[in-house]
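Just below is one structure, and these are the notes that go with it.
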Amino acid sequence: MSQRVLLIQSDAAAAKTIVGALGHSSGEPFHVEWVRRCSEGLKRLDGMEAILLDLYLPDCQGIETFDRLFRAAPSIPILLLIDPQHEKTARLAVQCGAQDYLFKDRLDAYLLPKTLGTMIERAAYGEALFEERERAQVTLNSIGDAVVSTDVSGRVTYLNVVAEDLTGWSQHEAAGHPLEEVLQIIDGTTRQVMQNPTALTIRDDQVSALPPNCVLIRRDGVEAAIEDSTAPIHDSRGTVTGSVMVFHDVSMVRAMTRKMAHLAQHDSLTDLPNRVLLNDRLHEAIILSRRHQRELSVLFLDLDRFKHINDSLGHVVGDRLLQSVAQRLLSCVRGSDTVGRQGGDEFVVLLWEVRRAEDAAIAATKILEALRKPHLIDEHELHITASIGIVTYPEDGTDVETLMKKADLAMYHAKQARHDSYQFFKPEMNARAIERQSLEDTLHYAIERQELVLYYQPKFNLATGGIIGAEALIRWRHPQRGLVPPGQFISIAEECGLIVPIGRWVLREACRQARAWQILGLPPLCVAINVSAVELRAPGFVAGVRATLKEMGLEPCYLELELTETVLIEDSRSVADVLKELKDIGVLLALDDFGTGYSNLSQLKRFPIDALKIDQSFVRDLAVDEDDAGIVTAVIGMGKSLHMRVVAEGVETREQLEILREHGCPQGQGYYFCRPVPAEQFRQLLENDTAAMAVA
Ligand code: C2E
Ligand code: CA
Ligand code: CA
C-alpha cells in the first residue's frame with residue numbers, strides 16, 4: 001500500500017524533482033499529490049500521512065504557512081522544504097510542532113524518502129504512545145483502587161485520583177516527595193508507624209504487601225483501614241526503576257466484618273454473648289484456670305415462670321423483661337466475668353477465679369436478690385425469680401460440655417426444690433437424671449400395658465366425721481420398681497406431654513368407678529381428680545370431660561376437678577373461659593395446694609371456684625407455727641366469705657384436727673383419717689361408713 005503525501009510547492013521544477021526523488025524510493029512507495037497554494041493544500045488534508053511544505057507560497061508566507069496547516073491537521077507530520085536563508089524560520093516551526101526540515105537544493109532520491117519514511121513512522125508511533133498513555137491514565141483514574149508509583153529512590157512520581165483522595169495529596173504536590181511522607185501507614189492495633197513496603201519491593205525486586213490491620217492516616221488526620229500490594233517497575237533491561245503500590249480503603253469491609261462477627265457471637269435481643277461465644281469463653285477460661293491452677297464457676301440460670309409472662313403479656317413485654325434481666329445480671333458481676341444468654345430464658349454466668357465455692361454462692365444470692373426487685377416495663381410491674389445451678393471447675397468437670405450439662409442439671413434440681421433458689425451440682429443428681437430418663441422411656445407404655453391405677457383417699461366432714469367425697473390419686477405399677485408414686489412421674493409426664501393421655505385415662509377411670517359404686521347401691525359421692533395445667537390447656541379438654549361423663553352415665557355434680565393455683569395466674573384469660581365452660585357442664589372446681597401460689601382474693605373472685613384445699617404444709621405445722629395457724633384461719637374465713645368450701649389437706653394428728661374444728665374448717669383429708677387406698681378397699685370404707693351413719 002502506498003503512503004499518501006501532500007506536496008505544497010509553487011515552483012513546478014522543484015515539485016518535479018521531489019516527485020521524482022520519491023518515485024525512486026526503495027521502500028514503500030509514496031503517492032504524491034501536488035498543489036501550488038496553501039489554500040489548496042488545506043482542502044486536501046484528508047487521508048494524508050505526511051505533508052511536504054514549502055513555507056513560501058503565493059498565498060501565504062513564512063511561519064504563518066506552517067501555522068495554518070498545523071492547526072488544521074495537528075496529527076499529520078510536516079516536513080519543511082526551505083532555502084538555507086530561511087533556516088531560522090524553519091527552526092521556529094520545528095519548535096512549534098513541525099517534524100523536521102530539508103534544504104531544497106539538497107534533496108535527493110536517498111535522503112528524501114528516508115527522512116519522509118522515518119517521519120511518518122515516528123508520527124504513527126508517537127500517536128500510538130500518546131493513545132496508550134491516555135488510555136492508562138483514564139484506566140488508572142477510573143478504577144476504585146488507589147495507585148501510587150515511585151522512582152527507584154522511593155519518591156512519588158504518580159498518584160491517581162483515588163490515591164489523591166485517600167492521601168489528601170494532589171499528584172502535583174506529592175511528586176518528588178518520599179512515599180513515607182505522602183503515605184503514612186500505622187498498625188491499627190499498636191499504632192506504631194509501619195515500614196512502607198515499597199522500599200522492600202525495590203530492594204528485593206519482588207511483589208510485597210502490607211500486613212493486615214493497616215491504617216492509612218490522611219494528610220488531615222482522618223484514618224482509613226487499607227489493604228495493599230506493591231510491585232516493582234522495570235525498564236527494558238529488567239532493572240528496577242521504581243515501584244507501584246495499589247491499595248484500597250477497607251474500612252467499610254473491616255467494620256462490616258467486625259459487625260458480622262459480633263452478630264454471629266452475640267444475642268441480638270440482649271447483646272450478651274450467645275451460646276457459641278460463651279462456649280468459647282468457657283473453653284478459654286478452663287485452659288487458663290488449668291494453667292494457673294485456679295478454680296472457676298459456672299452459674300446456669302433459668303427464669304421461673306417466664307413462659308407465663310410471655311404468654312399472658314405478649315412477646316414484646318417478654319423481650320423487654322429479658323433485656324432487663326440481662327442488665328441486672330451484668331450489674332451483679334465483675335467486668336472480667338462473662339454473662340451470656342444460652343437461649344430462651346436461660347442465662348449463663350461465668351465467674352473467673354473464684355477462690356472458694358462460697359464465692360459462687362455469694363454471687364448466686366446477689367443475682368437472685370437483684371432479679372427479685374420488680375421490673376418496670378411499660379405500665380407493668382413484673383416480678384420474676386430464677387433458679388440457678390452451680391458447677392465448679394475442676395471439681396465437677398474439666399470440659400465445657402460436662403460443666404454445662406451438670407450446671408443445667410443442678411439448675412433443674414433448684415427449680416424442683418423451690419423457685420428463686422440455687423443448687424450446687426451433686427453427683428447423685430446425675431444418677432437421678434438417668435433414672436428420670438429411664439422412667440420417661442417406660443412411661444410411654446404404661447397406659448397400654450395397663451400399669452396405671454387409681455387409689456382413693458376419702459374426704460371427711462369434720463363436724464360429723466362422715467365421708468363426703470374421694471380424691472383419686474394415680475399410681476404406677478411398674479413391673480420392676482413396684483408401685484411408683486405420682487410425685488416421681490407426673491412432672492416427667494407433664495414435660496413430655498404424656499400427661500394428656502394419662503389425664504384422659506384418669507378421668508375415664510374415676511368416672512367409671514364413681515358410677516360403679518353408685519350402681520352397687522352405695523350413696524353417691526363426689527370423686528375428685530387432679531388436673532395439670534398442661535391438660536387444662538390442651539385442646540378438647542372440656543369436650544373430653546363432657547363426653548366421658550355422658551359415656552359413663554355419671555352426673556356432672558359427682559365429678560370435681562382439682563386445679564393448682566398457678567393455673568389461674570398463667571394465662572388467666574383463656575383459663576377463665578375454660579373454667580366457665582366446665583362450670584356450665586356442671587362439674588365442681590377446687591383449687592389445690594391453696595396458699596402456695598400467688599393468687600389473691602380479687603383474682604379468685606373472677607373464677608367459678610367451688611372449693612379451696614389448704615395446702616398440707618400449712619396444716620402440718622398448725623399446732624406449732626403461729627404463722628401457719630394464721631394462714632389456715634385466714635383461708636377458712638376467705639372461703640366462708642367467698643362461699644367456697646374449704647378442705648384441709650394432710651391432716652395427720654388429732655391435735656391438727658381439733659384446731660381445724662375450732663376454726664370451723666368444714667372438711668378434711670389426711671392420714672389421720674385414712675391413707676389413699678385401692679378402689680376395692682375404698683368400697684368397704686364406704687360401706688362401713690354408711691353403716692356407721694345408719695347406726696348414728
Ligand atoms: P395432691 O393433689 O396434693 O394430693 C395429695 C397428696 O398428699 C397425695 O400424694 C396424698 O397421698 C398425700 N397425702 C394425703 N394425706 C396425707 C397426709 O396426711 N400426710 C401427707 N404427708 N400426705 C398426705 P400422692 O398420691 O403421692 O400424690 C402427689 C401429687 O401428685 C398430688 O398432690 C397431685 O398433685 C399429683 N397427682 C396425683 N394423682 C394425679 C393425677 O391423676 N393427675 C395429676 N395430674 N396429678 C396427680
Ligand atoms: Ca389434689
Ligand atoms: Ca394438694
Side-chain angles (χ1 to χ4, degrees), residues 416 443 446-447 451-460 462 467 469-477 482-514 526-538 541 544-545 548 559-567 588-597 609-623 645-657 660 665 667-679 681-682 685:
Q416 294 285 305
L443 189 57
I447 302 180
E451 291 169 357
L452 300 177
V453 279
L454 288 185
Y455 274 39
Y456 296 88
Q457 186 179 36
K459 293 179 189 172
F460 291 88
L462 294 190
I467 296 176
E471 176 176 1
L473 293 158
I474 197 170
R475 270 102 186 88
W476 176 12
R477 279 190 211 284
L483 203 63
V484 181
Q488 286 182 25
F489 66 90
I490 289 295
S491 66
I492 299 178
E494 284 173 345
E495 269 164 38
C496 66
L498 274 176
I499 192 68
V500 175
I502 291 176
R504 239 181 264 136
W505 176 84
V506 170
L507 173 69
R508 271 180 66 90
E509 178 57 18
C511 289
R512 190 196 60 73
Q513 188 60 67
C526 184
V527 174
I529 60 169
N530 292 284
V531 177
S532 309
V534 186
E535 298 174 61
L536 203 65
R537 259 188 259 121
F541 178 73
V545 170
T548 309
L559 178 67
E560 183 163 57
L561 306 180
E562 294 192 3
L563 317 166
T564 55
E565 233 180 325
T566 46
V567 165
L588 303 178
L589 300 176
L591 266 197
D592 212 350
D593 307 340
F594 189 72
T596 55
I609 305 293
D610 300 287
L612 300 178
K613 298 189 75 179
I614 307 177
D615 190 64
Q616 303 187 1
S617 59
F618 302 113
V619 177
R620 191 180 306 131
D621 297 331
L622 198 53
R645 225 168 351 106
V646 174
V647 186
E649 283 191 306
V651 184
E652 292 184 351
T653 64
R654 171 106 215 147
E655 205 182 0
Q656 291 165 346
L657 174 62
L660 288 165
C665 182
Q667 299 181 1
Q669 175 185 1
Y671 294 169
Y672 177 72
F673 305 107
C674 184
R675 290 192 174 248
V677 292
Q681 218 171 309
F682 191 85
L685 273 179

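In listed order, ligands and their atoms are each counted from 1. If you read the sequence from its start, that first residue is 1, and numbering goes on from there.
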With rounding to the nearest 0.5 Å, note down the distance linking CG in Asp592 to CD in Glu471. 6.0 Å
Let me confirm one number: the CG-CD1 distance from Leu454 to Ile529, rounded to the nearest 0.5 Å. 9.0 Å
For Tyr671, give me all partners under side-chain contact (heavy atoms from CB on, under 4.5 Å), at least two apart in sequence or on another chain. Gln457, Glu652, Arg675, Pro676
Note: Thr653 and Tyr672 closest approach over all heavy atoms is C-CD1, 3.8 Å
Residue [X] vicinity, atoms of ligand 1 by number, heavy atom under 4.0 Å:
{"X": "Ser532", "answer": "44 (N)"}
{"X": "Gln457", "answer": "14 (C), 15 (N)"}
{"X": "Val506", "answer": "41 (O)"}

Identify which of [options] has a heavy atom lying nearest to [atom].
{"atom": "atom 26 (O) of ligand 1", "options": "Ala590, Ala493, Pro486", "answer": "Pro486"}
{"atom": "atom 6 (C) of ligand 1", "options": "Gln616, Glu535, Glu494", "answer": "Gln616"}
{"atom": "atom 34 (O) of ligand 1", "options": "Asn530, Leu454, Val531", "answer": "Asn530"}

Taking the side chain as C-beta and beyond, is there a heavy-atom pair between Glu649 and Asp593 under 4.5 Å? yes
Taking the N/O/S atoms of [X] one by one, which is nearest to the Ca ion (ligand 2)?
{"X": "Asp592", "result": "OD2"}
{"X": "Glu562", "result": "OE1"}
{"X": "Glu471", "result": "OE2"}

Under-4.0 Å heavy-atom contact with ligand 1, by part of [X] that carries it:
{"X": "Thr564", "value": "neither"}
{"X": "Leu473", "value": "both"}
{"X": "Arg620", "value": "neither"}
{"X": "Pro676", "value": "side chain"}

Strictly below 4.0 Å, N to O, side chains only: are Glu560 and Lys613 in salt-bridge contact? no
Side chain to side chain contact (heavy atoms under 4.5 Å, CB included) for Leu498 and Phe489? Distances and angles first, verdict last. CA-CA 10 Å; Leu498 274 176; Phe489 66 90; over 6 Å; no
Under the side chain to side chain contact (heavy atoms under 4.5 Å, CB included) rule, what do Trp476 and Leu483 come out as? Steps first, then yes or no, please. CA-CA 6 Å; Trp476 176 12; Leu483 203 63; over 6 Å; no
